[in-house]
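Here is the structure we will look at, set down as structure tokens.
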Amino acid sequence: MTATSEPGEATTVRSSKQGVAGRRYVRSAARSRPKASGGFGPPTPLRPPAFHVPGAPKEPLDEIALPVRARRLDAWLTPGRSPIAANQHHWLYQHAWIVTGAKFGWWHGAEALRVLIRVDRRVESQWGIGYRSEAAARRALAVLEAKAK
């Protein structure tokens with residue numbers, strides 16, 4: 001059964017085979033809404049780049065900003081989180097995204113790298129790995145700070 005609550009937003013109600021028997025779960029599926037053209041030109045980005053790197057991709061504005069991503073990774077790394085393969089993969093993926101985005105000149109990359117270095121130190125103390133990742137983040141931060149001068 002599908003019910004529409006707002007234009008462009010559909011709500012699907014279905015019973016689940018998992019969980020409590022007879023309980024219904026609601027899932028919202030948002031559809032893309034057509035963009036209104038105001039005739040004022042393209043929208044200005046909310047996160048201006050710190051600098052331009054030839055050939056580098058533009059920052060995807062539908063993704064969270066680098067400092068937010070780094071703080072979420074910091075919060076994700078709890079003392080009880082073990083170094084299983086899935087957790088290591090998650091940390092390495094987020095780490096690579098932040099370092100690469102900072103190298104591309106994305107918004108507040110230096111701030112994100114400072115948080116990331118703190119996270120890497122915690123990974124080293126909790127899991128015994130992460131020295132090379134911290135070194136990569138430190139090198140990227142040094143490059144950004146040199147460009148800022």
Side-chain angles (χ1 to χ4, degrees), residues 5-12 14 16-20 23 25-149:
S5 57
E6 287 186 31
E9 197 170 300
T11 304
T12 304
R14 61 185 168 91
S16 175
K17 293 180 182 177
Q18 299 173 346
V20 179
R23 179 176 240 177
Y25 295 92
V26 177
R27 183 181 69 130
S28 176
R31 296 182 186 156
S32 62
R33 295 182 181 156
K35 306 266 189 238
S37 61
F40 298 106
T44 57
L46 301 175
R47 299 184 300 240
F51 54 87
H52 295 282
V53 176
K58 293 182 180 178
E59 182 175 4
L61 298 178
D62 60 340
E63 290 284 345
I64 60 174
L66 294 178
V68 175
R69 186 177 292 270
R71 285 191 297 272
R72 285 187 184 176
L73 186 60
D74 189 26
W76 172 83
L77 186 63
T78 59
R81 192 156 316 261
S82 61
I84 61 173
N87 289 341
Q88 290 180 22
H89 183 289
H90 176 78
W91 165 67
L92 286 171
Y93 181 87
Q94 298 300 320
H95 191 282
W97 181 278
I98 295 166
V99 171
T100 303
K103 286 180 180 178
F104 287 157
W106 293 355
W107 189 73
H108 290 268
E111 176 189 343
L113 287 173
R114 287 184 192 97
V115 173
L116 187 61
I117 289 168
R118 187 175 69 234
V119 172
D120 288 341
R121 285 185 173 180
R122 287 181 49 215
V123 165
E124 288 176 45
S125 69
Q126 288 180 1
W127 295 351
I129 61 172
Y131 176 78
R132 288 186 296 184
S133 298
E134 180 186 350
R138 286 188 181 280
R139 282 191 304 271
L141 182 59
V143 168
L144 290 182
E145 289 174 341
K147 285 185 180 186
K149 291 181 182 180

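The basis for the numbers below is simple: all heavy atoms, side chains too, and nothing from hydrogens, waters or symmetry mates.
- Atom CZ of Arg114 sits about 8.5 Å away from atom CG of Leu144, to the nearest 0.5 Å.
- For the pair Gly101 and Leu66, the tightest heavy-atom approach, listed with the atom from each and the gap, is C-CD1, 3.6 Å.
- Between the side chain of Arg71 and the backbone N or O of Val115 there is no donor-acceptor pair closer than 3.5 Å.
- For the pair Ala102 and Leu113, the tightest heavy-atom approach, listed with the atom from each and the gap, is CB-CD1, 3.6 Å.
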**Asked** Can you list the steps and then say if Trp76 with Val119 is a side chain to side chain contact (heavy atoms under 4.5 Å, CB included)?
**Response** CA-CA 10 Å; Trp76 172 83; Val119 172; over 6 Å; no
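- Between Gly130 and Glu124 the shortest heavy-atom distance is O-OE2, 3.6 Å.
- At least one donor-acceptor pair under 3.5 Å links the side chain of His95 to the backbone N or O of Ser133.
- Scanning all heavy atoms of the two residues, the minimum distance from Arg81 to Asn87 falls at CG-ND2, 3.3 Å.
- Trp106 places no side-chain N or O within donor-acceptor distance of the main-chain N or O of Thr100, the cut-off being under 3.5 Å.
- Every side chain to side chain donor-acceptor pair (under 3.5 Å) that Arg69 has, sequence neighbours left out, goes to Glu63, Gln94.
- No salt bridge links Glu145 with Arg138; every basic N to acidic carboxylate O contact stays at or beyond 4.0 Å.
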**Item:** Trace of the side chain to side chain contact (heavy atoms under 4.5 Å, CB included) decision for Trp97 with Leu73
**Value:** CA-CA 11 Å; Trp97 181 278; Leu73 186 60; over 6 Å; no
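- Nearest heavy-atom pair across Ala70 and Leu116 is CB-N, 4.4 Å.
- Residues passing the side chain to side chain donor-acceptor pair (under 3.5 Å) test with Arg118 are Asp74, sequence neighbours excluded.
- Minimum heavy-atom separation, Glu59 to Trp107: OE1-N, 3.1 Å.
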